[in-house]
Structure formats: structure tokens, C-alpha cells
Amino acid sequence: MLFLKNWLPKGLYTRSLAIVIAPMVILQALLSYIFMERHWILVTQKLSEATVSEIAFVVSLYENLPVEQRADTLKRWESFALEDLHYSLSFREKTEETLKPFPETLRGFALLDFPQEFLKETLEKRIPYPSSLALDENRKRVHIRIDLGESVLNVDALRSRVVATNSHIFLVWMLSISLVLIIVAILFLRNQLRPIKRLAVAAERFGMGRDLPGFRPAGAIEVRQAARAFMTMRERIKAQMEQRSILMAGVSHDLRTSLTRFRLQLAMLEEKDADVDALLRDVQEMEHILEMYLLFVRDHRQEAFERVDVVALLKELRAESITPEKIRLDLPDALRVLLRRNSIKRCLGNLIENADKRASNVLVLARIDSNGIEIAVEDDGTGIAEEDREIVFEPFQRLEDSGNRDVSGSGLGLVIARDIARGHGGDIVIETSEALGGARVILRLPHTLGSGASEEEVEASRRL
């Protein structure tokens with residue numbers, strides 16, 4: 001079963017076609033076999049037997065005919081056979097010329113050997129004389145030669161008297177009707193599956209924060225029901241995200257007000273010591289964590305797509321980093337793709353910032369090929385163990401060794417970065433850097449996002 005599963009079609013359209021076409025092909029094969037076995041062969045046998053019976057009757061009359069009456073009688077038979085039996089009948093004196101074998105070009109009797117074999121067997125059963133037969137060059141007449149001893153009987157009959165020649169009409173009609181039905185099935189299935197494809201595209205685009213303009217339920221009842229359920233789910237998710245944004249905006253406002261008051265009160269103190277400085281750093285750290293929380297709950301998919309120069313963006317991020325001198329870039333000359341600029345900048349900024357805080361050397365590489373866009377951030381730090389490479393993408397998870405305990409952070413940088421990447425249809429994976437020995441964090445984006453998106457999609461994303 002596993003072997004068959006690998007060869008079976010995977011798509012719904014091809015599977016539906018197979019469900020329609022396979023029974024039709026099997027039915028046509030059975031009908032063709034039954035027709036060939038029951039009708040064509042049977043009719044051919046009956047035609048062969050009828051023709052041989054007429055020839056056997058002539059041979060029997062010839063045997064009982066007095067020698068002195070043969071000349072005149074045979075001429076009348078020849079005329080009678082041509083007019084009433086619709087085949088020519090001739091008696092010739094037995095010579096080497098009259099017994100000369102038929103040319104090779106006349107040997108092919110039919111597309112199949114069954115009619116020839118039937119006729120041969122019937123001749124051998126009914127007529128006790130040697131016989132031979134062939135089909136003429138036009139494949140319209142059958143030549144039969146019988147050695148009667150003193151003379152040779154030549155029979156030239158129409159092929160339709162020996163073989164059921166119109167049998168192909170049944171096969172032609174059968175195949176033609178099947179072809180028409182298959183074409184109708186293909187058109188019908190395509191129209192039925194189009195709403196399902198639109199629903200799948202709408203769900204995929206919604207997952208990336210993009211909408212499908214003009215999407216509405218269509219197709220069969222079940223497909224319409226699924227489309228309405230999807231639209232209801234989409235509205236609920238949008239409402240929930242808006243409520244979350246409003247809630248976090250309110251919390252942010254209240255917390256920022258309190259933190260600003262703390263900062264002012266600490267700044268107005270006349271005597272400042274190490275404890276005051278520590279409190280100021282704590283307030284600054286709380287503001288940073290609050291900003292990360294807001295970024296985590298913010299829906300970056302609301303941002304519009306635009307053509308982004310990734311090379312210039314990475315250079316900008318290096319200039320804005322804490323220590324730009326330790327960040328080395330290995331970039332192509334140009335890399336302009338369709339992205340959400342601020343979101344991708346935040347994503348790449350988090351990756352570079354993590355490497356910048358935890359390593360002495362950072363290498364940023366970018367390339368594009370047939371598989372898509374790949375941006376890698378490598379460092380010479382301690383790296384991330386293979387069993388922890390998925391844990392770091394969970395919210396508020398921080399993996400810090402003994403040398404990095406003083407590194408500040410909220411544990412949301414990689415979470416936000418992966419969410420942005422997946423919102424673009426891509427992903428982020430972690431490997432080991434072969435060049436620097438530390439971690440290698442790779443941002444992968446689909447190639448179609450950069451070169452296959454149309455301007456209509458850009459405008460549609462701006463209307464979200």
C-alpha cells in the first residue's frame with residue numbers, strides 16, 4: 001500500500017479526476033473486451049462460415065458435374081456468382097502460373113489475425129482441398145484459391161463478406177463520448193475546486209496579515225459553509241487583536257506615566273549615589289521591557305508591503321548597533337524585495353542585537369536563489385545547544401551561561417523575530433556557525449514574496 005501511495009496523485013483536483021476517469025477507463029476496457037469477444041469475433045465467425053458454405057456448395061456441384069458439361073456450366077456459375085453472390089468466381093486450369101503463391105504485399109489479412117485464422121479453419125473443415133487466401137493491396141477484397149486437382153478455383157470476395165468491417169464505429173463512438181465526458185468532468189471539477197483554492201489562498205494570506213479582495217463564499221454548500229466559518233473566524237481574530245492592542249495601549253500609558261514620574265523624582269534628588277543610579281537603570285530597563293511587551297502584542301501584519309533595499313537596511317542596522325565595528329557584512333550588490341520594512345528591520349535588528357551583545361565578532365550574510373531569500377547572522381559566542389534551539393523561541397525564555405549573566409533582555413527578541421518572519425511566509429532557524437564557531441541564526445523568506453507579488457497585492461495590503 002505504501003508503494004501505491006507514493007504513486008497516487010496528491011492534489012484534490014488530480015484525485016477527483018482519477019476518481020472520475022479510472023472507472024470510465026475500466027468500464028471502456030470491459031466493454032471493449034466484451035465487444036471483441038462476443039460481437040466482433042462471433043459476427044466474423046458467422047460471416048466466414050457463410051462464405052465458406054457458399055464456396056463448399058460450388059465445390060460440391062463441381063465434383064458432381066459431368067466433365068462434358070463443365071465448360072458451359074462453369075461460365076454460367078461465374079456470371080451468377082458475380083451478379084447474385086457479389087463475389088467473382090473463376091475456374092482455371094491447374095498450372096504453375098495459376099498456383100503461383102500470393103505476393104507478400106497481399107499477406108496481411110487484417111489488423112488482427114483472428115479473421116484469417118477463422119477463415120482458414122473453416123475452409124479446412126468444410127472443403128477437403130488445399131486452400132490459400134490473402135487480402136489485396138487496398139484491403140477491400142479477399143482472395144481465396146482452392147486446388148481442386150484438375151483445376152483451380154479462384155474466389156474474389158468483398159472483405160465485408162468475411163470480416164465485420166464496421167466494428168470500429170462502435171469503438172470510435174465509445175471513445176469519442178468518453179472523451180467528451182472527460183472534458184466536461186475536467187471543466188466541472190475545475191469550477192468546483194476553484195472556491196476551495198480561493199479559500200486556501202485567503203486563509204494563507206490572512207495568516208500573513210494580507211487580505212484577498214473580493215473574497216466571498218462560493219461553490220458547493222459545504223464549501224460555502226467553510227468559507228463563512230473562515231470569515232467569521234477572521235472577524236473574531238481581528239476583533240480580539242484590536243481589543244488586545246487597546247488593552248496594551250492603556251496599560252502602556254499607565255505604566256509609562258508611573259515610570260516617567262519615577263524618573264523625574266529620581267532626577268530631582270539633590271543627593272545622588274550608587275543606589276539612585278541603580279534605580280535609574282532599573283527604570284530604564286523597565287521601559288525597555290515594556291517596549292518589548294508592546295512589540296510582542298502589536299500586530300505587525302497591519303503594515304503595508306513595499307520594495308525594500310535589504311542591503312541598505314542591513315548597513316543601517318550596523319550603523320545603529322551598539323558596537324558597529326565588530327559587525328562584518330557579506331552582502332550582494334543589490335537585493336530589493338517586497339517586504340514590510342519596519343517589521344523586517346525590527347526582526348533583523350533583534351537578531352543582530354542578540355549576536356552583538358553576546359559575541360566579539362558578528363558576520364551578516366545575505367543571498368537570494370531559486371529557493372528564496374536567506375539572511376544569516378553568525379557570531380563567535382558560546383552558541384546554542386541543539387536541544388535548546390526551539391526553547392529560545394518560546395516567550396520569556398532566556399538561555400544565559402556564566403559569561404552572559406549581565407546581559408539584559410526580556411526573552412522576547414527571537415519570539416518577535418520569528419513571528420515577523422512567519423508573517424512574511426518564512427521562518428527562522430538556528431544552526432552552528434562553521435566560520436565563527438558560535439550560533440548561526442538564519443532568516444529564510446519565500447522567493448515569491450520578493451519577485452512574484454504583484455502591485456495589486458501591494459495595494460491590497462495597504463488597505464488592510
Side-chain angles (χ1 to χ4, degrees), residues 280-281 284-296 298 300 303-368 372-384 392 398 400 403-404 406-421 423-424 426-431 433-445 449-450:
L280 286 173
R281 288 194 299 270
Q284 184 178 2
E285 180 66 18
M286 291 177 64
E287 290 179 342
H288 175 72
I289 294 176
L290 178 60
E291 181 66 24
M292 295 298 295
Y293 287 167
L294 292 176
L295 291 176
F296 176 65
R298 183 180 301 168
H300 62 85
E303 183 184 354
F305 283 89
E306 59 180 291
R307 295 288 174 181
V308 179
D309 187 351
V310 178
V311 175
L313 182 62
L314 290 172
K315 292 180 179 179
E316 180 181 340
L317 288 172
R318 181 179 62 175
E320 295 174 357
S321 65
I322 302 174
T323 54
E325 64 278 358
K326 67 179 184 181
I327 299 176
R328 182 164 55 91
L329 303 179
D330 185 2
L331 309 175
D333 296 334
L335 185 57
R336 295 184 60 85
V337 292
L338 189 67
L339 301 168
R340 299 183 178 97
R341 188 183 188 282
N342 294 332
S343 300
I344 286 295
K345 182 178 180 181
R346 188 179 307 123
C347 172
L348 293 173
N350 289 348
L351 301 183
I352 295 176
E353 182 181 359
N354 285 344
D356 191 14
K357 288 180 178 180
R358 293 169 172 80
S360 302
N361 294 285
V362 179
L363 174 62
V364 180
L365 306 95
R367 66 183 181 89
I368 183 171
I373 305 161
E374 183 176 292
I375 302 174
V377 180
E378 304 183 23
D379 60 62
D380 60 351
T382 56
I384 300 176
V392 296
R398 297 179 61 194
E400 298 180 8
N404 287 326
D406 296 331
V407 177
S408 61
S410 61
L412 294 175
L414 289 177
V415 181
I416 296 173
R418 172 172 273 191
D419 183 53
I420 293 173
H424 284 77
D427 201 359
I428 294 179
V429 296
I430 299 177
E431 300 176 353
S433 173
E434 298 181 358
L436 301 180
R440 174 183 170 90
V441 184
I442 305 172
L443 168 63
R444 295 193 178 113
L445 299 174
L449 186 64

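Nothing fancy with the numbering, it's 1 onward along the sequence. Hydrogens, waters and symmetry mates play no part in the numbers below; they use all other heavy atoms, side chains included.
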Practice prompt. Run the numbers on Leu365 and Leu331 for side-chain contact (heavy atoms from CB on, under 4.5 Å), then give the verdict.
Written response: CA-CA 6 Å; Leu365 306 95; Leu331 309 175; 5.9 Å; no
To the nearest 0.5 Å, what is the distance between [atom1] on [X] and [atom2] on [Y]?
X: Leu445; Y: Leu443; atom1: CG; atom2: CG; value: 4.5 Å
X: Leu313; Y: Arg336; atom1: CG; atom2: CZ; value: 11.5 Å
X: Glu434; Y: Glu378; atom1: CD; atom2: CD; value: 8.5 Å
X: Leu351; Y: Arg418; atom1: CG; atom2: CZ; value: 11.0 Å
X: Ile442; Y: Ile428; atom1: CD1; atom2: CD1; value: 10.5 Å
X: Arg444; Y: Ile373; atom1: CZ; atom2: CD1; value: 13.0 Å

Worksheet entry | Heavy-atom check, side chain of Glu374 versus side chain of Ile368, under 4.5 Å |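 Sidechains of Ile368 and Glu374: no contact.
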Fill in: Min side-chain heavy-atom separation Val392-Ile430 under 4.5 Å
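Heavy-atom side-chain distance check passes, below 4.5 Å.
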Output all residues satisfying side chain to side chain contact (heavy atoms under 4.5 Å, CB included) with [X], sequence neighbours left out; order by chain, then residue number.
X: Thr323; answer: Glu325, Lys326, Asp356
X: Val310; answer: Leu314, Leu335, Val337, Leu339, Ile375
X: Asn361; answer: Asp380
X: Arg328; answer: Leu363

Practice prompt. Evaluate side-chain contact (heavy atoms from CB on, under 4.5 Å) for Arg307 paired with Leu338, printing each intermediate quantity in order.
Written response: CA-CA 4 Å; Arg307 295 288 174 181; Leu338 189 67; 4.0 Å; yes
Worksheet entry | Residue pair Val364, Ile327: steps toward the side-chain contact (heavy atoms from CB on, under 4.5 Å) verdict | CA-CA 7 Å; Val364 180; Ile327 299 176; 4.2 Å; yes
Practice prompt. With sequence neighbours excluded, tell me which residues meet side chain to side chain donor-acceptor pair (under 3.5 Å) with Glu320.
Written response: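 Expected list: Lys345.
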Fill in: Partner residues of Ser321 under the side chain to side chain donor-acceptor pair (under 3.5 Å) criterion, sequence neighbours left out
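Not a single residue meets the side chain to side chain donor-acceptor pair (under 3.5 Å) criterion with Ser321.
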Quick one: closest heavy-atom pair of [X] and [Y], and the distance?
X: Ala439; Y: Ser433; result: O-CB, 3.8 Å
X: Ala417; Y: Cys347; result: O-SG, 3.4 Å
X: Gly381; Y: Ala359; result: N-CB, 3.7 Å
X: Ser343; Y: Ile420; result: O-CD1, 3.2 Å
X: Leu317; Y: Gly349; result: CD1-N, 3.9 Å
X: Val311; Y: Pro332; result: CG2-O, 3.5 Å

Discussion item. If the threshold is 4.0 Å, N to carboxylate O, is there a salt bridge linking Arg318 and Glu353?
Written reply: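 So Arg318 does not pair with Glu353 through a salt bridge.
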Discussion item. Set out, in order, the CA-CA distance, both residues' side-chain angles and the distance that settles salt bridge (Lys or Arg N to Asp or Glu O under 4.0 Å) for Glu306 and Arg341, then state yes or no.
Written reply: CA-CA 7 Å; Glu306 59 180 291; Arg341 188 183 188 282; 5.4 Å; no
